Each structure stands twice: as C-alpha cells, then as structure tokens.
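Structure first, then comments.
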Amino acid sequence: MSAIDVPLQKNRFGQTRRKDRWWIEPLFVFLGYLIFTVYANYALLANNYYELPGTQYLSPMYSPLLFRYAPGWWPAILPYSAAALILWAPLGFRITCYYYRGAYYKAVWLDPPSCTVGEPRKSYWGERSFPLILQNVHRYFLYLAIVFIFILSYDAWRGLWFDGPNGPGTQFGIGLGSIILILNPIFLGLYTFGCHSLRHLIGGRKDVISSSAVRQSCYNCVSYLNRRHMKWAWISMFYVGFVDLYIRLCAKGIWHDWRIF
Amino acid sequence: MTPQNESKAIFRIWRGDATQGAFQDYTTEISSGMVVLDAVHKIQAEQANDLAVRWNCKAGKCGSCSAEINGSPKLMCMTRLNTLPLDQPVTVEPMHTFPRIKDLVTDVSWNYRVKKEIKKFQPRKPDAADGTWRMQQSDVDRVQEFRKCIECFLCQDVCHVLRDHHMHDQFIGPRFLVYAAALEMNPIDSADRIAELRDSCGIGLCNITKCCTKVCPEEIKITDNAIIPLKERVVDRFYDPLTRLFKMFG
Ligand code: SF4
Ligand code: SF4
Ligand code: FES
Ligand code: FES
C-alpha cells in the first residue's frame, strides 16, 4: 500500500488532549476481568463444594463432571481439579471472542489504552502474525461452546430433581438453585448465539442471504443478538461465577437453598 | 456550562505549517446553537484572517471539516458548543494521522491513493436480457450502510495502527475496510479481494478495538459490520481447514 513520506508526530504513553475521564472504561473492564479471573482460579483450584448434597445441582465450572478424582494419566505433580478438564473450552471461547479481544487489547494490553491515547510500546504486530494469529481458531471454540449450552441445559433439567424417598434425584421440585441453574444456559445462549463467527457461518459469508428464508431469519436473529454481544458477554460471565458461588456457599452451609416446592 | 445567549469562550487553535507550529488562544463571543466551525469562522473573520480551515457543507455531509476537538476526532460543523466544557479552553487541532499543510488543514491524499489500489467493482453478467440485475433489498442493506460514508477520514485518524504506529504502507485503515466490505458483500460484484485483504490491505493489523466505530459521524458500525465479517471471510480462506475441506468436496 501507499506510504506517507513525511514524519508524523509520535505520542508518548498516556499522552492525549482528551479532557474526559477516558481511563474509567478500561479501568472497569480491567477490574471486571481481574475479579472474574481471581474467582475462577479460586473455584478451579478448590476442587470441592461444586455439588449440593440432597440435590442434583452441579456448578457450571465443573460441568460436565468427567472425572471426580484424578484419572491415572493425570501428572502427579499437578494438583488435580475436575474443572481443569473442561474449563479450557469456555475460557478459550471467551479469550478468542471478538468482543473480549478488543476489550482486553485495550484494558490489559493498552494497545491503545483508549482512543487517541498514546501507547506504551513502539512495536505492533496486531493479529497478523504469531501469537495473535491464533485468535482465528475462534469458530472452533464456538462449536464447543454450543455443545456446552446443551450440557448446561441438561444440568438445569437435573437441577429440578431432588433426593426423595425413592432414592437420589427422584423427586421433582424447584429450589432457588433450580431457577438459578435454568437461567445459566439462557444467558450463555444469548451470548453464544450472538457470536460474530456464528453470524458469518449462518449467513454472513454469503453475498446473497435472502435466497433461503431460513438462512435469512437465522442471520437476522444472530445479528440482533450480535448487537448486544458485549452486554451478554459480561452478564453471562459473571452469572457463571455467581452460580458457582451460590452452590459453593450452599454446600458449605453458609447459604441455604430455598426449596420452593 | 451551556452558552447562554451571549458569552465568551477560549479556543486553543493549532497554528502552523507542515513542519512546525503551536497552539494559540483566541477568546471569542459565542451564542446558543453555535458549533465549533462557527466559532472558528468567527475567529477567522475577526482575529485571524489567515487561519486555514477546510469546510464545505456545514451539514455533516461533505466530510471536509474533520479535526480534533479536545483530543477527539470530530466534524467541526457537527460539534455543538453546548456539548463541550466551556469553562476551559477548547482545543482545536488538525488530524494527527495525516501530514499537516497549514493550521487545521491536513493532506489526506494518501487515502485517495489507497482507494485506487483496491480492486474495482466488477459486475457479474447481467441477469436480464436488457442488461440489468435483480437483487433483494435485504441483501443490499448491508452494503447501503457502508455507502453512507462521507469520507471524513476521522476513522483513519483515530485508528491506532495509523495514528500511533504509522503503518500506512501496510494497512488501508477502517475507511477502506468499509469500502472493501461494500464491494465484497455486493451481490452483483464478482471480484475476489480476500487474498489482498489479508496481504496488502493488512486486515490482520486491526485489533478490533472499535475506536473507528466510536468516531464515525455516519454511525457506521465499522468494526462489527465491516471489519469482523471480512476477517471471518479471511479465516474461511486461509485459517480454517474444515471449511476448506468442505469447499473441496462441496
Ligand atoms: S477497530 Fe481496527 S480499524 Fe478500527 S480503529 Fe481499531 S484497530 Fe483501527
Ligand atoms: S467510515 Fe465513517 S468515519 Fe470513516 S470516513 Fe466514512 S464516514 Fe468518516
Ligand atoms: S465473537 Fe464473541 S463469542 Fe464469538
Ligand atoms: S463542513 Fe461538511 S462535514 Fe463539516
């Protein structure tokens, strides 16, 4: 492409003539990520209190529960957590999500800290070369994330079955935890089905979308959710943390699950 | 502070040429309903006859009056004074991403050169015998959003790849990704720009931080509707072995 042959000004790190509080938004994003990362690590390393005795509740951070105890091939030097076997998939989905990428490049990597604010580093590679070129795997994580929606919907169904006279998980009922578990795949779905890659795969890749009415409606629905993608990214992320916290605190006996019937 | 009928405000305007310059303060009377361009014109008429400023329509449609007001890229003719804090000087300076000519005027010709390097519109064979094409409105909605562009180049100005890293020789910038998207998604166009988007256009340099979307006066959703869909098309072609496999057999 054409070059510019006169030197342009360079900005120092943090230099800007903006007068508004531009740092507030990246600060909140940074704190949001920090809080979630700290909690997710705590929940992951704890490897306990992810189920509530008497119910079939299972924390979404541990679902599906592949191995309750370390399988034979698990390296002995690593502390075992049942969450470690599955958490990489939703985490990978979010890390490669277009919204999250844009947000953490700014809030964490300061590339740029905010619009028209000088950057800390002179060099820049973007997503064109290694390592960030790997972000292009996002659609594969999307396929996994869709599978997770089904798994978590099944967990929500199981959350409606409690221990009864006929054995564990045989009595239908509704507890506050059941409702909390039902909302989880709904929020995750509103996030996942607004994915940019899905929007592309379901119709955006075509120049003529209208030739199939089904494709057109799917594309319109995904586009609708896509416009609210950021909102659902945050809601669904914190909600997953909250569901884990709810089950954890109930299992520890600090909170009590309210059985509605 | 909202300007009541008549009051004064200070405008800190960049004065200089291609190589040097400095901010200069001008105090001028303002009245309600004024935009920054009005104030600049008033200063030009009353205090600084040689102040260079480019403008044309005063209606936010020609894209000439782009500048940085209090550090944010904006159209001077669409920035009302009552949206700015007038208790402090309002800074008005030329766009940073392009070479300066004089005062508020920059040389944006790089953009015209870039545009010429993008593969032109190539219509497919006409659908009807009379040489016309058929298409659905819903299929051109996407393209019509992009055609609202007034080429103000505010998005180019704010984009950190150009603004901070000066990668003009490797990256076409958001304006031309919008332009390329308008061509690529056009149901009639038959040219293929996917390889050049990855290579000479440098789409991978965009890190989707959305500053371009924030400044666009036409409210084009540049990142979500143009850049990311193009990035996905590049993934289809170059980074997704499954899609390639399907295409081979499909
Ligand atoms: S989203 Fe991409 S094109 Fe737009 S300003 Fe950011 S880096 Fe530049
Ligand atoms: S896309 Fe928007 S900001 Fe960029 S040149 Fe066009 S109108 Fe201006
Ligand atoms: S773009 Fe956010 S989930 Fe795919
Ligand atoms: S003068 Fe035309 S856009 Fe401002």
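The chains referred to below are lettered A, B, ... by the order of the sequence lines, with proteins before strands, and numbering in each begins at 1. Computed from a prediction, not measured in an experiment: that's the story for all the values here.
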For this session: Enter the distance from A:Ile4:CD1 to B:Asn111:CG here, rounded to the nearest 0.5 Å.
Result: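 CG of B:Asn111 is found 7.5 Å from CD1 of A:Ile4.
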Tell me, for [X] versus chain B, whether the close heavy atoms (under 4.5 Å) come from the side chain, the backbone, both or neither.
| X | value |
| --- | --- |
| A:Trp22 | neither |
| A:His196 | both |
| A:Asp20 | neither |
| A:Ile133 | side chain |
| A:Tyr219 | side chain |

Please indicate whether [X] has more than 12 foreign heavy atoms, meaning atoms of other residues, nucleotides or ligands, lying under 6.0 Å from its [atom1].
| X | atom1 | result |
| --- | --- | --- |
| B:Phe121 | CZ | yes |
| A:Phe30 | CZ | no |
| B:Lys102 | NZ | yes |
| A:Arg12 | CZ | no |
| B:Lys120 | NZ | yes |
| A:Trp74 | CH2 | yes |
| A:Arg227 | CZ | yes |
| B:Glu219 | CD | no |

Looking at every heavy atom in both [X] and [Y], which two are closest together, and how far apart are they?
| X | Y | result |
| --- | --- | --- |
| A:Asp207 | B:Met185 | OD1-CA, 3.5 Å |
| A:Lys106 | B:Thr209 | NZ-O, 2.9 Å |
| A:Leu8 | B:Pro99 | CD2-N, 3.7 Å |
| B:Ser72 | A:Arg18 | OG-CG, 3.8 Å |
| B:Thr243 | A:Arg139 | OG1-NH1, 3.4 Å |
| B:His165 | A:Ser123 | CE1-O, 4.0 Å |

Problem set entry | Chi angles and distances behind the side-chain contact (heavy atoms from CB on, under 4.5 Å) call for A:Lys19, B:Thr91 | CA-CA 10 Å; A:Lys19 292 185 173 149; B:Thr91 60; 4.2 Å; yes
Among the listed options [options], the residue most often paired with chain A at heavy-atom distances under 4.5 Å:
| options | result |
| --- | --- |
| B:Asn207, B:Asp224, B:Val234 | B:Asn207 |
| B:Cys211, B:Cys212, B:Pro229 | B:Cys211 |
| B:Ile228, B:Asp164, B:Ile69 | B:Ile228 |
| B:Thr19, B:Val114, B:Asp240, B:Val158 | B:Asp240 |
| B:Met135, B:Glu93, B:Arg142 | B:Arg142 |
| B:Pro89, B:Gly202, B:Pro73 | B:Pro89 |

Sort [X] into side chain, backbone, both or neither according to what part of it lies under 4.5 angstrom from a heavy atom of chain A.
| X | result |
| --- | --- |
| B:Ile188 | neither |
| B:Tyr112 | neither |
| B:Lys214 | side chain |

Non-hydrogen side-chain atoms of [X] and [Y] separated by less than 4.5 Å:
| X | Y | value |
| --- | --- | --- |
| B:Arg198 | A:Arg128 | no |
| B:Asp139 | A:Gln216 | yes |
| B:His96 | A:Arg17 | yes |
| A:Thr116 | B:Arg163 | yes |

Problem set entry | Derivation and outcome, side-chain contact (heavy atoms from CB on, under 4.5 Å), residues A:Asn11 and B:His160 | CA-CA 11 Å; A:Asn11 284 331; B:His160 71 129; over 6 Å; no
Exercise. Is the side chain of B:His166 donor-acceptor paired with the backbone N or O of A:Gln9 at a distance under 3.5 Å, no angle test?
Worked result: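 Yes; at least one donor-acceptor contact below 3.5 Å.
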Problem set entry | Short side-chain to backbone donor-acceptor contact, A:Asn136 and B:Val235, under 3.5 Å | no
If you count heavy-atom pairs under 4.5 Å with chain B, which of [options] comes out on top?
| options | answer |
| --- | --- |
| A:Ser129, A:Ser211, A:Ser197 | A:Ser197 |
| A:Tyr140, A:Tyr124, A:Tyr105 | A:Tyr124 |
| A:Gly102, A:Pro112, A:Ser2 | A:Ser2 |
| A:Asn220, A:Asp111, A:Asn226 | A:Asp111 |

Exercise. Between A:Arg199 and B:Asn225, do the side chains contain an N or O donor and an N or O acceptor separated by less than 3.5 Å?
Worked result: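 Short answer, yes.
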Problem set entry | Residues B:Lys231, A:Glu127; criterion side-chain contact (heavy atoms from CB on, under 4.5 Å); working and verdict | CA-CA 10 Å; B:Lys231 276 185 177 251; A:Glu127 300 191 322; 2.7 Å; yes
Exercise. Can a salt bridge be assigned to the pair B:Glu232 and A:Arg205 using a cut-off of 4.0 Å between side-chain N and carboxylate O?
Worked result: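 Salt bridge absent between B:Glu232 and A:Arg205.
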